[in-house]
Amino acid sequence: MSRVILVAGAGGPTGQAVVRRLAERGDTVIAVDRSGVEGCLNVDLLDAAAVAELAERIRAEHGRVDGVVHLVGGWRGSKTFAETSLADWDLLHDLLIRTLQNVSLAFEPLLKAGDDGRFVIVSARAAQQPTQGNAAYAAAKAAAEAWTLSLADALRGTASAAVILVVTALVHDAMRAAAPDKQFKNFTDVRDIAAAVAGLWDEDAAALNGRRIDLAPIPKDGDFS
């Protein structure tokens, strides 16, 4: 079955991996990114009106939305808690929270009306295990998780689900090429994210809704590097 799936933040390595995986199985993928990446619609996800217009356009052209994959991300950190920059918080708030709010609010009615919809974000273990240098990032991720769980509550009793995929950090081939001696032991490959996203439609929506699915490798022998 071909599905209509929006991938927000599709220009980065994770987004490209997800787009490829979904397209390979025959889904109609609407890739959105404001970076100007080829094959992506240029939509400013901080503009609520533009996102609402996108949702209406997809509804008019396809009649439905079967999935929304929200991959807009970013990271800022500091050495100590006292050195945390609130400018970093402002940036992360826009990237990790405001874009999520705009997208979820615009597409929730379509997901509610769907026969088998999925909404997914990628979060980090830092949201549950913050460190002093990750205060802004961890707080933004925690807020994004809470928002997504609120969407899950809105979808309760429907045929759709909102899900959180959790990682420690992500790795892709360009990172490995740039640091060939690094093992990236506790990183999750973007292809594994793509496989996990694609597999969400293989599970029952009611059983999935509101779940946090941890995809981070389990450290061995106390190695957290």
Side-chain angles (χ1 to χ4, degrees), residues 1-10 12-32 55 58-59 62-73 96 100-101 103-128 141-172 186-218:
M1 173 185 174
S2 177
R3 298 179 176 90
V4 178
I5 302 175
L6 172 75
V7 179
T14 307
Q16 291 294 290
V18 171
V19 168
R20 280 194 300 271
R21 182 65 178 254
L22 297 177
E24 285 170 357
R25 73 176 189 183
D27 291 331
T28 297
V29 182
I30 300 153
V32 173
I58 295 173
R59 186 204 63 76
H62 301 282
R64 70 186 198 279
V65 168
D66 301 306
V68 177
V69 185
H70 190 273
L71 299 173
V72 181
L96 304 182
L100 171 63
Q101 291 171 328
V103 170
S104 58
L105 288 170
F107 282 88
E108 186 253 13
L110 286 167
L111 290 167
K112 264 189 170 180
D115 294 330
D116 195 25
R118 300 289 183 273
F119 186 99
V120 57
I121 68 167
V122 176
S123 188
R125 283 186 172 176
Q128 303 293 319
K141 282 294 191 184
E145 288 197 17
W147 188 271
T148 302
L149 292 176
S150 295
L151 173 61
D153 188 54
L155 295 177
R156 199 176 310 278
T158 74
S160 295
V163 184
I164 300 164
L165 302 180
V166 182
V167 301
T168 298
L170 294 171
V171 64
H172 51 82
N186 301 311
F187 289 59
T188 301
D189 194 284
V190 295
R191 286 173 292 231
D192 293 329
I193 292 289
V197 169
L200 293 176
W201 283 267
D202 296 332
E203 297 189 52
D204 178 71
L208 271 177
N209 194 37
R211 281 180 56 194
R212 298 177 75 255
I213 302 172
D214 197 332
L215 300 179
I218 299 174

N/O donor-acceptor pair under 3.5 Å between Trp201 side chain and Asp66 backbone: yes
Partners passing side-chain hydrogen bond (donor to acceptor under 3.5 Å, both in side chains) against Thr14 (at least two apart in sequence or in another chain): none
Candidates Val4, Ile5, Val7, Val65 - the one meeting side-chain contact (heavy atoms from CB on, under 4.5 Å) with Ile30: Val4
Ala23 to Val29 - nearest heavy-atom pair and separation: N-CG2, 3.9 Å
Closest heavy-atom pair and its distance - Ala106, Ala55: O-CB, 3.8 Å
Donor-acceptor pair, side chain of Arg21 and main chain of Ala194, under 3.5 angstrom: no
Under 3.5 Å donor-acceptor, Asp27 side chain and Ser2 backbone: no
Closest heavy-atom pair and its distance - Lys112, Ala154: CE-O, 3.1 Å
Charged N-O contact under 4.0 Å between Arg20 and Glu24: no
Partners passing side-chain hydrogen bond (donor to acceptor under 3.5 Å, both in side chains) against Asp192 (at least two apart in sequence or in another chain): none
Backbone of Leu215 reached by a side-chain donor or acceptor of Thr188 within 3.5 Å: yes
Heavy-atom pair with the smallest gap, counting every atom of Arg118 and Leu111: O-CD2, 3.9 Å
side-chain hydrogen bond (donor to acceptor under 3.5 Å, both in side chains) partners for Ser123, two or more places apart: Glu145
Identified side-chain contact (heavy atoms from CB on, under 4.5 Å) partner of Val166 from the options Lys141, Gln128, Arg125: Arg125
Sub-4.5 Å side-chain heavy-atom contact between Phe107 and Ile58: yes
Heavy-atom closest pair, residues Ile164 and Thr148: CG1-CG2, 3.9 Å
